[in-house]
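Contents: one structure, followed by commentary.
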Amino acid sequence: GSDDDDGASDDTSTDDTAAASTDATEETEAADSDAPKLAIVYSAEWFDGSWGEAAYDGATALEASGAVSEISLSENVTPGAEAERAMRALAEDGFNPIIAHSFDFGEDVKAVAADFPDTIFLYAGGFGDVTDNQGDYDQPFYEASYLQGILAAGATDGGAVAGAAGFEIPACYAMYEAFLAGAREIRPDTEGSFIAVGDWYDVQLAKEGALGQANDGATMFVGCGQAPTFGQIEAANDEGGVSTGYVGDMAELGDSVLSSFEWNLDLVFGQAVDDVAAGSNEAQYYGVGLGDGGLEVLIHAGEEGDISDEALALFETRLAEIQNGEFEVPFIPEA
Amino acid sequence: MTEGPARGDVVVEMTGIHRRFGSTVALDGVDLTLRKGEIHAVLGANGAGKTTLMRILAGLDSPDQGEVAVDGHHVDQFDPGAARRSGIALVQQHFTLVPTLSASENLLLARPLGRLRPSSRRLRRHLDELVDRFGLAVRDDVPVSALSVGEQQRLELLRALDANAEILVLDEPTAVLTDAEADQLLAVCRRLADDGHAIAIITHRLGEVFAGCDRVTVLRAGLPIIEDAHVSDLSRGDVATAMVGSESAGVLVAREHVPHETPDAARPVRLHVADAVAGRLSGVSLDVREGEIVGIAGVDGNGQSDLEALLSGRIPPESGRVEIDGQPLEALHPRARRAEGVAYIPSDRYRHALVRPMEISDNLELGRVPAIRQPRSTREAAAAERLIEWDVRSAGPAARAASLSGGNAQKLVLARELDGVPGVVVACYPTRGLDPNAAETIVERLLIRSAEGAAVLWIGAELDELFAVSDRILVLANGGVSGTFQPPFDRAAIGLAMTDSELTRPAAS
Amino acid sequence: MSVLGPADTDSADDADGTSGATPVPSDPASSTTSASTAEQLLAASDGVARRAMARDLLAAIVVPVVGLVVALLVGGVLIALIGEQPLSVYADVFNGVFFEPRGLSDTATAATPLLLIALGYAFAYRARVFTIGAEGQYVVAAAASVGVLTAGGMQSLPGPLLIIIGIAVAAVAGALWSGICGVLNVRFGASVVISSLMLVYIGQAVLQWSTRVGIRDPESFVALSRPVGNAELPIVPILDVHLGFVIAALLVPLMTWVLSRHRFGFRIRALGYNPEAVEANEVPAGRMIIAVLLVAGALAGLAGFIEIAGVNGRLNDAASVGYGFTAIIVALVGRLHPVGVFIAALLIAGLDIGFEVAARSSELPTSMAGLVQVLVVIFVVAGDAILERRRTVT
Amino acid sequence: MDNVLTLDTLTAALRLAIPVAVAALGALIAERSGVLNLGLEGMMLSGAFAAYSTAEATGSPWLGLVGGTVVGASVGLLLAAFVVVGRANQIVTGISFTLLAGFATALLFQQEYSIGGIPPRIDRIDLPALVALTIAGFAGVTWFLRRTTAGLALTAAGEAPEAVDALGYRVGVTRTAATAVSGAFAGLGGAMLVCGPLGLFIENVTAGRGWVALAIVVFAGWRPSLVMIGAFLFGLADAVQLRLQGTDTAIPYEVFIALPYIVTLIALVVRARASHTPAALGVPFVRGAV
Ligand SMILES: Nc1ncnc2c1ncn2[C@@H]1O[C@H](COP(=O)(O)OP(=O)(O)OP(=O)(O)O)[C@@H](O)[C@H]1O
Ligand SMILES: Nc1ncnc2c1ncn2[C@@H]1O[C@H](COP(=O)(O)OP(=O)(O)OP(=O)(O)O)[C@@H](O)[C@H]1O
Ligand SMILES: [Mg+2]
Ligand SMILES: [Mg+2]
């Protein structure tokens with residue numbers, strides 16, 4: 001197998017066995033360590049303080065805990081042909097499970113999964129798209145968003161909800177609707193608007209969109225995706241009102257950030273790793289919601305005093321109800 | 001005039017200039033001396049090395065060997081800026097104006113009056129002063145691209161004069177001018193020389209040499225044949241022989257009216273123009289019959305370019321008709337026109353007839369490329385035959401058309417356009433820029449085609465040439481036909497028909 | 001005509017590979033001869049052709065190799081600066097292409113859309129019609145062809161027929177999208193560069209709407225079309241690449257032939273050098289501009305269908321991944337010659353594949369991998385220019 | 001609808017327009033001299049990153065603008081070294097520079113700031129100051145092109161370089177300087193985005209504004225005044241489309257996203273006949289070539 005001569009090279013290189021057959025690789029590696037090897041591919045870069053970083057943190061947490069023996073993290077992997085190539089190579093190198101951390105990878109995951117029936121493949125579909133060894137994982141952000149809506153309405157005297165995303169995709173739209181529903185628990189007549197910026201990276205455009213919503217009376221801002229969220233936060237910083245962090249603690253982005261939520265992907269990925277460790281090749285819809293600690297809503301220090309007691313109380317109530325299953329946050333994926 | 005060298009003093013001394021381009025020896029030990037107060041004519045057949053010599057003097061090129069001294073100072077760095085500073089101004093064979101700028105802006109560019117631009121009023125005043133001083137009229141209200149060729153040539157000259165250049169180098173300045181304009185230009189040169197300028201002028205017209213120049217240098221294939229001789233010591237025959245070699249000298253000096261069978265008025269009309277209005281043309285009518293050559297004379301800028309555009313199908317008539325054998329011309333696509341037997345020799349061969357970066361063999365096929373082309377070798381063999389037949393001097397069919405000299409490029413166009421027997425020939429200044437020998441060949445070819453039945457419309461600048469070839473001459477003035485003449489042509493009457501329009505020509509408007 | 005930024009004139013060498021730089025002020029090969037017979041002239045001409053060919057060969061081989069080496073040296077320094085081992089990274093890149101089991105077939109697959117689009121660009125740029133809008137044509141054509149193929153009842157047709165329909169629909173849709181620029185240019189004088197770029201953005205909006213609403217799979221939760229099913233391109237045995245690569249590769253000799261032996265190719269070249277002469281002698285230049293844009297658009301559209309049918313089988317809203325822009329580089333690095341474009345497409349795709357592998361197997365950041373790849377392009381192009389300079393100095 | 005065309009919309013349009021307008025002035029200068037600067041987007045991005053790091057390190061957004069300008073100019077100079085001095089193909093080299101800047105800023109940003117956290121914010125410059133700066137830039141460019149001899153020579157170098165050369169001007173020097181100034185403007189445009197309305201940097205923060213700027217220059221027919229108007233119209237189209245989305249409508253939102261581009265396309269068609277492309281745009285100058 002290892003016919004190349006870069007023996008002097010660094011130790012992290014794992015592809016010395018690249019030319020070896022798949023089976024051989026898997027066996028050799030399995031003999032080295034019982035724990036599975038986890039791979040994640042992602043379409044942007046890891047350190048975005050948000051969605052990408054959550055996956056990075058989840059994977060490194062699993063490695064630190066010893067649940068996986070090795071991790072491979074590939075960023076900037078374009079959906080389509082490139083993603084397929086990356087996942088095939090990872091599968092051949094014995095990585096299992098392999099996680100494609102964007103909903104755009106759905107078709108790529110399916111294409112590759114069919115060829116590697118013993119490897120579990122997941123992607124961030126967020127709607128229970130599971131067949132055989134190909135799975136999906138939940139993104140119950142709307143649950144957190146609902147609670148954040150309650151807090152936001154409790155910290156403002158009135159005004160509308162502003163929602164934004166790069167494009168109008170279900171996970172994002174559902175966040176907005178849940179936020180609005182949460183806010184309406186405090187002020188039933190609350191109105192809202194949702195815009196698609198047309199780009200996941202254009203902060204200025206996102207911010208101008210949010211400023212437009214602010215001019216229109218919005219005081220509570222919720223974004224989905226990095227730049228749209230940054231834009232919403234910036235607009236709230238400038239125009240007043242409260243904003244909401246997306247995945248990750250965004251308190252540092254300004255005083256307007258009332259709450260954020262963290263996504264503990266080690267719990268999600270951990271389930272798939274457990275399946276693999278147990279010898280299963282049946283993927284599932286891995287969901288770890290708010291109730292199970294998959295999401296945590298962070299209320300940012302200094303703001304708590306501004307939130308009405310009524311809202312704080314309702315927040316606690318709904319949190320508990322969601323956790324014990326008494327309350328289900330409405331999921332509205334489309335306008 | 002200021003203190004300085006006196007009339008007759010040497011201001012430029014070029015000695016033993018050699019310049020090779022690859023295997024071509026452009027200049028092979030040429031001397032040139034220019035003196036204050038003198039007009040020095042430089043002659044030679046196409047490709048003799050005249051332009052190269054002048055480009056070296058103007059710092060646009062550098063010699064492989066040889067010395068250049070200006071005002072007694074040895075030139076060691078060949079650089080256009082340095083040459084200008086030492087008082088040399090070159091009017092190049094091809095225009096070097098900036099087409100989008102106005103005339104006065106072009107002048108400013110050539111002679112900046114400081115970091116900031118003066119007001120446009122001041123610029124215009126400056127232009128007007130120059131125009132008055134030298135009697136060279138140029139408009140300033142349009143970009144240079146909208147000026148006629150003659151006006152552009154005058155502007156080039158004004159620009160050179162504006163630089164207070166003591167040494168003026170003019171490369172074929174009269175090639176694009178009509179006889180009258182050329183005369184005027186020579187008169188200006190004379191005046192400048194009398195004022196103390198040293199002038200070198202390249203020309204193909206022998207008449208000009210004997211009418212207005214003091215000295216002459218003749219080059220042939222990079223070699224000096226006549227060096228620094230007084231014009232008065234030479235005859236036309238001497239100069240012609242020096243230019244082209246003895247065997248063809250006779251043809252050059254005595255081009256006479258070729259006896260041409262007057263066509264029967266009953267012959268069919270091939271080209272029919274009726275009340276055509278387009279651009280400057282305000283209702284032109286003319287017919288060209290089979291076997292007939294109709295000459296169009298006139299001062300440049302009176303509608304010739306619009307007539308050309310109209311007859312080549314580039315623009316449709318705004319009103320009136322242009323018909324080939326009864327079919328409206330503008331309805332025919334280029335290839336269909338060719339299929340109708342129309343040949344077109346444009347005034348600007350590089351724009352409308354040739355694709356310079358493509359091979360010569362490709363250029364011979366332009367306009368008649370078959371859907372699926374012959375293999376390369378077949379095409380080249382056919383092209384080689386044609387090149388020999390038409391005496392196009394080239395490195396072969398695989399060489400690019402860009403490598404041809406102006407005259408040979410023109411012969412290439414003719415080889416393509418006059419191949420076979422065209423029904424209608426629209427020939428615009430077909431001999432422009434050709435040496436007399438080449439011009440003669442081309443005149444002959446056109447006469448042969450005409451004798452074979454082609455209807456030829458010939459837009460020309462040189463009256464002698466038009467007299468020699470035409471069955472009829474129409475004079476174009478101010479966008480209309482100001483007179484129709486039959487042989488024997490009455491030079492005075494034609495001149496009048498043309499000068500009539502002098503009063504209304506664009507420069508005066 | 002409103003064409004912008006003419007390509008390096010030298011990259012528009014004749015299809016037969018005989019002519020050199022244009023315009024060259026001093027071309028030793030072009031000296032006038034005084035041959036007196038056609039045979040002598042032809043012999044001289046052969047000399048011209050031979051010398052030009054030798055020169056072109058030098059340009060075609062030495063320049064890219066030197067450029068590559070210099071770029072890798074500079075890139076190596078940068079890689080070392082961020083604390084990685086350049087040699088091991090490059091070894092990974094090389095192994096990734098040549099020794100990974102699917103390195104070569106992945107390279108061919110990745111080269112396919114680039115090749116198709118760049119062939120179209122090569123035609124357009126030779127004609128000096130500077131479209132940069134293939135990305136828009138690609139996505140619009142992908143949406144159109146997938147829309148037709150997944151429409152009711154279509155899937156009952158046999159696979160080969162479906163593939164032919166897909167190709168036809170995509171080519172027509174791409175051609176039309178591109179043809180808009182042609183019409184706007186010829187009728188109104190609008191710059192092709194800019195109108196084609198605007199149509200990329202508009203095309204991307206069309207893609208978003210198509211996958212979200214227009215041709216969406218009603219079963220799908222996310223923006224995704226139905227699968228093209230039987231229209232999926234088969235894998236060609238031996239080569240282990242989908243059929244699209246073979247189609248693209250077959251276009252290379254076809255387009256070489258068109259350029260050198262067909263009237264259309266002649267007109268394209270002539271148009272690029274002198275549209276006025278074409279207009280006066282061959283065909284209205286406007287018509288040619290539109291024709292060229294239609295061809296370029298058809299090829300970009302074809303790439304759209306082939307990529308979907310060859311790789312994923314479905315269209316999603318992330319299908320715009322920038323092949324239309326990378327292909328500009330492919331076309332120009334390939335010096336606008338179909339064979340050159342073929343090699344350039346494989347080179348650029350190979351670098352992509354290799355660096356992907358390197359980025360996976362070392363800590364090399366992807367942005368560094370991208371940086372080194374772009375350096376390769378810049379130095380190859382700069383090398384070309386240096387060669388050009390040497391030629392023009394007498 | 002009444003919320004769509006308000007003073008707020010107009011100021012939003014200004015904020016969106018300013019970085020594009022300033023970069024477009026840079027593109028105009030290069031193109032007038034005959035250099036097609038397709039590296040503009042990259043220069044904007046480099047300028048944006050340089051401005052961010054300078055402002056972050058010094059605490060002054062004004063120094064950020066200086067940093068962005070200087071870095072933009074340096075990238076411009078580097079591009080000129082390739083395309084003017086080296087006569088490399090302007091299209092490939094320009095696009096490559098843009099790609100290069102994207103990768104380089106991503107790499108630097110990652111290494112400097114964003115690992116494990118959210119990058120720090122910088123102070124911002126207010127809109128009136130940005131507007132004033134933009135107008136100053138516009139006035140400077142107009143004055144230079146219309147009132148100075150060097151401006152005349154620059155334009156002439158883009159129209160008839162051989163003529164300018166024959167008059168003793170240095171076409172190469174003129175174009176190199178123009179490309180560097182072009183980079184300076186682009187860098188300043190990127191800097192004004194980051195130090196102005198945003199106060200932060202993220203990867204690819206310019207998000208295609210350089211390409212839009214190039215389109216606007218063509219739309220403007222290479223005239224500075226129309227560049228300003230074109231940039232404002234583009235900003236307005238974006239500001240309006242974002243607000244239209246908020247209104248109740250059955251029109252798919254993709255139409256709104258495409259709106260600025262559709263508007264540009266229409267404007268291009270309407271304006272096309274009036275514009276004149278610099279004749280030598282994109283053509284390297286070689287003395288003595290045809
Ligand atoms: N740039 C060049 N590259 C190659 N050869 C050249 C170049 N310029 C001139 N030559 C060669 O030098 C010779 C002289 O050219 P030159 O232009 O000086 O002729 P000329 O006397 O001006 O002719 P004409 O009367 O046609 O203007 C030509 O035969 C040509 O082969
Ligand atoms: N780009 C070039 N490459 C090679 N040779 C050239 C090139 N340009 C010009 N020449 C050579 O220069 C010579 C003269 O060119 P030029 O254009 O000056 O014509 P000319 O000498 O003025 O001739 P004419 O009087 O016929 O116009 C030609 O014989 C030609 O071979
Ligand atoms: Mg000459
Ligand atoms: Mg000549």
Side-chain angles (χ1 to χ4, degrees), chain B residues 20-24 47 64 312-314 333-335 337-338 344 346 348-363 365-377 380-389 393-400 402-405 408 416, chain C residues 9-10 12-14 16 18-52 257-258 260-267 269-285 287 394:
Chain B
R20 296 173 65 97
F21 295 103
S23 55
T24 309
D64 301 325
S312 63
R314 212 154 44 239
H333 275 154
R335 287 175 68 98
R337 286 202 289 275
R338 192 177 293 278
Y344 169 44
D348 189 339
R349 47 187 173 259
Y350 297 129
R351 260 177 80 183
H352 296 122
L354 294 175
V355 183
R356 301 184 73 195
M358 288 178 83
E359 294 174 14
I360 289 173
S361 61
D362 284 333
N363 273 283
E365 281 193 58
L366 187 68
R368 56 176 66 142
V369 187
I372 292 177
R373 309 181 68 198
Q374 296 288 314
R376 175 185 200 88
S377 54
E380 288 192 350
E385 300 280 352
R386 213 96 65 77
L387 294 179
I388 297 293
E389 182 193 344
R393 304 286 171 85
S394 74
R400 277 163 302 116
S403 69
L404 292 171
S405 83
N408 284 306
R416 181 180 74 214
Chain C
T9 43
D10 187 46
D13 275 358
D14 284 4
D16 336 66
T18 44
S19 80
T22 42
V24 201
S26 55
D27 184 345
S30 305
S31 60
T32 313
T33 62
S34 42
S36 53
T37 70
E39 286 70 33
Q40 284 170 12
L41 199 56
L42 274 177
S45 206
D46 277 353
V48 174
R50 249 201 320 279
R51 267 170 299 196
W257 180 84
V258 168
S260 63
R261 292 293 298 282
H262 196 273
R263 180 160 65 206
F264 187 63
F266 175 88
R267 286 174 174 176
R269 291 188 292 140
L271 188 75
Y273 295 127
N274 188 348
E276 286 181 293
V278 172
E279 173 108 28
N281 294 283
E282 278 282 335
V283 62
R287 256 206 226 173
T394 345

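Letters go in sequence order (proteins before strands), and every chain restarts at 1. Note that the structure is a prediction, hence the values are computed from the model and not measured.
With a 4.5 angstrom heavy-atom cutoff, Pro397(B) touches chain C via backbone and side-chain atoms both. For Pro375(B), the parts sitting under 4.5 Å from any heavy atom of chain C are the backbone and the side chain alike. If you measure heavy-atom distances from Ala353(B) to chain C, the contacts under 4.5 Å come from the backbone alone. Only the backbone of Glu279(C) comes within contact range of chain B, with at least one heavy atom under 4.5 Å from a heavy atom of that chain. Residue contact with chain C, scored on non-hydrogen atoms closer than 4.5 Å, involves the backbone and the side chain of His352(B) alike. Contact annotation for Ala383(B): neither backbone nor side-chain heavy atoms come within less than 4.5 Å of a heavy atom of chain C.
Using modelled atom types, no side-chain atom of Asn363(B) and backbone atom of Leu354(B) make a donor-acceptor pair closer than 3.5 Å.
Counting heavy atoms from C-beta outward, Arg335(B) and Val369(B) have side chains that approach closer than 4.5 Å. Counting only heavy atoms from C-beta outward, the side chains of Tyr273(C) and Arg356(B) never approach each other to under 4.5 Å.
In this structure, the separation between CG on Leu387(B) and CD1 on Ile360(B) is 6.0 Å, given to the nearest 0.5 Å.
Between the side chains of Tyr344(B) and Arg314(B), a donor-acceptor pair is found at a separation under 3.5 Å.
Top candidate by heavy-atom pairs under 4.5 Å with chain C, chosen from Arg338(B), Gln374(B), Arg337(B), Glu385(B), is Gln374(B). Interface summary for chain C: among Gly313(B), Pro346(B), Pro370(B), the most heavy-atom pairs under 4.5 angstrom belong to Pro370(B).
Partners of Arg267(C) according to the side-chain hydrogen bond (donor to acceptor under 3.5 Å, both in side chains) rule, which considers only residues two or more places apart in sequence or in another chain, are Glu282(C).
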